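The structure appears right after this line, and notes come after that.
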Amino acid sequence: MTQAFSFSDVVLAWYQQHGRKHLPWQQQISPYRVWVSEIMLQQTQVATVIPYFERFMQRFPDVFSLARAEQDEVLHLWTGLGYYARGRNLHACAQQIVEQYQGEFPASVEQLAALPGIGRSTAGAIAAISMGIRAAILDGNVKRVLTRFYAIEGWPGTTAVQKQLWDIAERLTPDHSHREYTQTMMDLGATLCTRSKPACGICPLQPRCKGYQSGKPSQFPNSKPKKEKPEKHTALLMLEAPGGLLYLEQRPQTGIWGGLWSFPEVSDEQAARLWLKQQFGMEADIEPLQRFRHTFSHYHLHIQPLKIRLSHQPGHIGEQSGHWYNPRQPSELGLAAPVKKLLHLSDI
DNA sequence: AAGGCGGGGAT
DNA sequence: ATCCCAGCCTT
């Protein structure tokens, strides 16, 4: 009597031969290392994450060192990764794990998902990969594999499709080999079941894949309904003191570039003149630098840098305590990508 | 349920 | 230029 291979049997067999086993976070596997990698990998590709992960582990080898750190240093190591709330949540989460759990990650999906920055999928990944707990994940890779395998119609961002996918993901998860299965589902999505030109010819799931049978596997997952991104404008004030020092202030924790250091932001050059008059009670020469465009996931931002050369360094500006940044001796601060670019631009 | 939140790599 | 990525949080 023969028993048909289950979905997870096929997946696990493929892992033995072809699964990735040498990524940095697949070595010395621990809840801490898996957690940091999973947070970094949210909406961010493997190749981008690797150097950030290595630097982060070098500086913060365990949850205690991370919990003790200054937020500025955490965000400094996050500079360029984007979605900076991830960095702030990571720091807060480390402190909570130390205070509430004596530095030991709680061993259940529910408890993990209650921590800042950890949702259902990341909790499942930490539990399955580092703790051997039976838990499902639903990241971009798994969504792609499942929507193709079952030819699921509808954009996965909708609640209905989301729920359907979670139900399927939970059902397919085997009751053994949780780490291997979880890593392999991500591997399949990352290496074979890719967004474009999927390698169906060498995919172990191909014989039963409805997406393949449809002849158009790449139409799954159905794409997000598109809408045009608005064009927004802003200006950044580059106050330069003698010696090339540039004035930075910390942005609010919420909103764009939350918690990062940035040039004072005003709406336009007109507002800049007013701002200068209010701060210094005097006129100042404003030199507009080359305007450039920075694109976010949901809008385009035209940034007008305005250089203002000050004859002397003011004692203080406005309410908050700012920071005079020396491009030749960079401070370890979290910087938004465009700000970092502008700071580097001045360092010539 | 919907919208906010980055930056970069692939195409 | 467009798409979308090892999603989560707030409203």
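Since we're looking at a predicted model, the values are computed, not measured. Letters go in sequence order (proteins before strands), and every chain restarts at 1.
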Open item on the list: Could you check whether A:Q100 and A:Q95, counting side-chain N and O atoms only, form a donor-acceptor pair closer than 3.5 Å?
Closed with: no
Task: Polar contact flag, side-chain donor to acceptor under 3.5 angstrom, A:R148-A:S218 - done: no
TODO: Spell out protein contact along nucleotides 3-11 of chain C as letters: B when the base is contacted, S when just the sugar-phosphate is, - when no protein heavy atom is under 4.0 Å; keep the 5' to 3' order.
DONE: BSBBBSS--
Please give the distance between the [atom1] atoms of [N] and [M] as a whole number of Å.
N: C:dA6; M: B:dT11; atom1: P; answer: 13 Å
N: C:dT10; M: B:dG6; atom1: P; answer: 14 Å
N: B:dC5; M: C:dC4; atom1: C1'; answer: 15 Å

Is any side-chain heavy atom of [X] closer than 4.5 Å to a side-chain heavy atom of [Y]?
X: A:F53; Y: A:R33; value: yes
X: A:T48; Y: A:L81; value: yes
X: A:M57; Y: A:W25; value: no

Task: 5' precedence on DNA chain B between A:Y52 and A:K197 (nearest-nucleotide basis) - done: A:Y52
Task: Whichever of A:H298 and A:T158 has its nearest DNA chain B nucleotide further upstream toward 5' - done: A:T158
How would you label the contact of [X] with the nucleic acid (heavy atoms, under 4.0 Å): base, sugar-phosphate, or nothing?
X: A:A125; result: nothing
X: A:A336; result: sugar-phosphate
X: A:G258; result: nothing

Open item on the list: Does A:Y15 form a ring-ring contact (aromatic ring centres under 6.0 Å, His included) with A:Y181? I'd like the steps, not just the answer.
Closed with: CA-CA 8 Å; A:Y15 170 80; A:Y181 175 78; over 10 Å; no
Task: CH2-NZ distance between A:W155 and A:K143, expressed to the nearest 0.5 angstrom - done: 9.0 Å
- [ ] May I ask you to decide if A:T191's main-chain N or O and A:T194's side chain share a donor-acceptor pair within less than 3.5 Å?
- [x] no
Task: Heavy-atom contact window of chain A on DNA chain B, given 5' to 3' at under 4.0 Å - done: B:dA1 to B:dT11
Open item on the list: Is the distance from the ring center of A:H294 to that of A:F292 below 6.0 Å?
Closed with: no
